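Inspection log for the structure reproduced underneath, given as structure tokens.
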Amino acid sequence: MARYSAADLRLAASAAIRAPSLHNSQPWRFRLHNGVIEVLADRTRQLAVADSTGWAVRLACGAATLNARLALAAQGTPAEVLLRPYGDLIATLTPGRPRPPTYGERDLAAAIPRRSSHRRPFWPDPVPSETRVRLIEAAREEGCRLELLVGTTALTGFAEIARSADRVLRRDPLYQAELHGWTHADAAPDGVPVGAGAPLAEPQDLLPQRAYGDRERAPGRDFEPEPLVAILGTEADRPVDQIRAGQALQRVLLTATDAGLAASMLSQPIEVPAAREQLRRSLGRPGAPQLALRLGYGQVGGPSPRRGVADVLD
Ligand SMILES: Cc1cc2nc3c(=O)[nH]c(=O)nc-3n(C[C@H](O)[C@H](O)[C@H](O)COP(=O)(O)O)c2cc1C
């Protein structure tokens with residue numbers, strides 16, 4: 001049986017750590033076991049208040065798994081993936097038959113270091129329909145659904161749910177203390193740098209933004225009036241569905257990056273159970289919403305910090 005080497009593990013982990021995670025908590029570990037690469041959840045990095053169920057850990061680890069898959073495919077040894085949401089194990093990657101990467105795999109792997117969250121106002125340019133279709137297909141490829149909110153009714157309905165969830169979280173002192181603990185003004189290898197946050201909220205804003213910093217807004221730089229908002233959803237809400245959602249999230253984000261789009265994530269309406277239920281009903285379909293995305297064109301910033309690869313290898 002083919003085996004992955006220690007060098008393959010390093011390659012996979014270097015790509016995996018670029019994945020997004022709630023408050024940049026980076027709740028993952030990687031190890032080699034009999035030539036198989038294992039992706040594991042790092043429970044010491046699970047957010048006790050914001051993520052008591054482990055939903056965000058599974059999304060982040062799913063996203064990390066997709067990056068690892070793309071890096072391995074891009075170097076010619078694609079993985080056969082088994083999702084294993086038992087205990088701390090998230091996924092196993094076993095070497096499949098060697099083959100050259102497809103153009104799609106190469107493009108998405110190349111987008112990994114270029115992707116980062118963009119929480120500032122976007123330019124008003126609309127996202128063309130071919131790009132919208134690509135995003136929807138990216139989620140479908142990983143067994144999930146991406147619903148693009150079309151029309152003002154859907155958008156304002158979502159914005160109301162998101163703002164009311166944000167208010168609930170802002171009133172929760174434990175939640176706020178945890179959030180501030182993960183927000184850094186100085187150079188740290190994890191957490192959200194103040195400079196990566198959105199400018200201070202103003203009453204005319206449609207969507208809520210996390211308070212990662214206290215940067216004033218430049219005059220006249222309001223948020224785009226009609227943002228493209230997408231809801232990533234799964235059929236069911238078992239741990240394995242949430243890992244799938246993480247893989248789909250990352251495929252959508254990398255597809256967006258490859259298409260020249262910027263994106264940020266909104267999870268307040270997922271974290272507050274009543275809001276999540278309201279959002280689920282508003283979509284009018286069975287299934288579970290897992291995350292909301294805001295997509296558009298904007299000046300992309302630099303990458304956010306990560307711990308080194310050596311820190312995440314077992
Ligand atoms: C499950 C999950 C929920 C997230 N929720 C939010 C959010 O509500 N607001 C936000 O600005 N970013 C959110 N993010 C993005 C992270 O803050 C971001 O990925 C992390 O800080 C790393 O930065 P990067 O995306 O630039 O690499 C979320 C990410 C994940 C995986």
Side-chain angles (χ1 to χ4, degrees), residues 15-28 41 45-47 50-67 90 111-121 144 158 161-163 165-166 168-170 175 178-179 182-184 188-199 201 205 207-213 215 223 227 229 231-234 241-254 256-257 262-272 275-276 279 288-295 298 300-307:
I17 59 173
R18 297 306 321 165
S21 58
L22 185 59
H23 303 355
N24 200 15
S25 51
Q26 306 168 38
W28 43 57
R45 295 185 152 261
Q46 180 170 343
L47 302 171
D51 188 28
S52 59
T53 64
W55 148 84
V57 167
R58 287 184 284 273
L59 254 78
C61 288
T65 302
L66 187 90
N67 277 5
I90 293 286
I112 292 172
R114 288 189 280 122
R115 184 213 63 81
S116 64
S117 294
H118 185 301
R119 302 181 181 88
R120 296 176 198 182
C144 298
F158 168 77
I161 296 171
R163 283 198 307 263
D166 190 61
V168 171
L169 299 177
R170 276 175 198 264
Y175 189 96
E178 186 180 65
L179 175 63
W182 285 96
T183 308
H184 301 307
D190 54 12
V192 181
V194 169
D205 291 351
L207 301 173
Q209 292 277 1
R210 300 266 190 204
Y212 292 118
R215 213 151 25 88
F223 280 86
V229 172
I231 315 291
L232 179 68
T234 45
D241 299 301
Q242 297 174 352
I243 298 172
R244 263 189 211 120
Q247 296 199 89
L249 165 68
Q250 188 64 2
R251 192 177 280 279
V252 169
L253 291 173
L254 293 175
T257 304
S264 63
M265 291 156 250
L266 281 104
S267 58
Q268 296 94 323
I270 309 294
E271 292 169 38
V272 177
R276 190 182 191 198
L279 180 59
Q290 300 289 354
L291 199 62
L293 308 176
R294 168 182 158 259
L295 297 144
V300 177
S304 58
R306 292 293 187 278
R307 292 175 297 147

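Remember, predicted model here, so these are calculated numbers, not experimental data. Atoms within each ligand, like the ligands themselves, are counted from 1 in listed order.
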Per-atom filter on ligand 1: closer than 4.0 angstrom to a heavy atom of Ser116 are 26 (O)
Does the side chain of Leu179 reach to within under 4.5 Å of the side chain of His23, using non-hydrogen atoms?
-> yes
Touching ligand 1 at all, Arg306? Heavy atoms, strictly under 4.0 Å?
-> yes
Residues that Ala60 engages under side chain to side chain contact (heavy atoms under 4.5 Å, CB included), provided they are two or more places apart = Ser21, Pro27, Trp28
Counting from 1 in the order shown, the ligand 1 atoms closer than 4.0 Å to a non-hydrogen atom of Pro20 are 19 (O), 31 (C)
Out of Ala196, Ala198, Ser267, indicate the one that has the non-hydrogen atom closest to atom 3 (C) of ligand 1.
-> Ser267
Contact partition for Arg210 relative to ligand 1, non-hydrogen atoms under 4.0 Å | side chain
Short side-chain donor-acceptor distance under 3.5 Å, Ser264 and Arg294 | yes
For Tyr212, counting its heavy atoms only, list the atoms of ligand 1 lying under 4.0 Å from any of them.
-> 9 (N), 10 (C), 11 (O), 12 (N), 17 (O)
With the side chain counted from C-beta on, respond yes when Arg119 and Gln209 share a heavy-atom pair under 4.5 Å apart, and no when they do not.
-> yes
Does the Asn24 side chain pair with the main chain of Pro305, one donor and one acceptor, at a distance under 3.5 Å?
-> yes
Taken in chain and number order and not counting sequence neighbours, the residues that satisfy salt bridge (Lys or Arg N to Asp or Glu O under 4.0 Å) with Arg210 are Glu271
Do the side chain of Arg307 and the main chain of Gln26 share a donor and acceptor less than 3.5 angstrom apart?
-> yes
Numbering the atoms of ligand 1 from 1, which are under 4.0 Å from a heavy atom of Val192?
-> 21 (O)
Residue-ligand contact Ser21/ligand 1, heavy atom below 4.0 Å | yes
In this structure, atom 26 (O) of ligand 1 is nearest to the protein heavy atom Ser117 N, 2.8 Å
Subset of ligand 1 atoms that lie under 4.0 Å from at least one heavy atom of Gln268 = 8 (O)
Is the backbone N or O of Ile112 less than 3.5 Å from a side-chain atom of Arg18, with the two atoms forming a donor-acceptor pair by type?
-> no
In ligand 1, the atoms that come under 4.0 Å of a heavy atom of Asn24 are 20 (C), 21 (O), 22 (C)
Heavy-atom nearest option to atom 24 (P) of ligand 1, drawn from Ala19, Pro305, Ser304 = Ser304
Could you walk me through whether Arg276 and Gln290 pass side chain to side chain contact (heavy atoms under 4.5 Å, CB included), step by step?
-> CA-CA 9 Å; Arg276 190 182 191 198; Gln290 300 289 354; 3.2 Å; yes
Taking the side chain as every heavy atom from C-beta outward, state whether Leu279 and Phe158 have any pair of such atoms under 4.5 Å apart.
-> yes
Determine, stepwise, if the pair Leu66 / Leu249 fulfils side chain to side chain contact (heavy atoms under 4.5 Å, CB included).
-> CA-CA 9 Å; Leu66 187 90; Leu249 165 68; over 6 Å; no
Closer than 4.0 angstrom: is that true for some heavy atom of Arg115 and an atom of ligand 1?
-> yes
Tell me: protein heavy atom nearest atom 30 (C) of ligand 1, and distance?
-> Leu22 N, 3.6 Å
Which is closest to atom 17 (O) of ligand 1 by heavy-atom distance: Gln209, Arg58, Arg119?
-> Arg119
Nearest non-hydrogen protein atom to atom 6 (C) of ligand 1, with distance, is Met265 O, 3.5 Å
If you measure from each non-hydrogen atom of Leu266 to ligand 1, which part falls under 4.0 Å: side chain, backbone, both or neither?
-> backbone
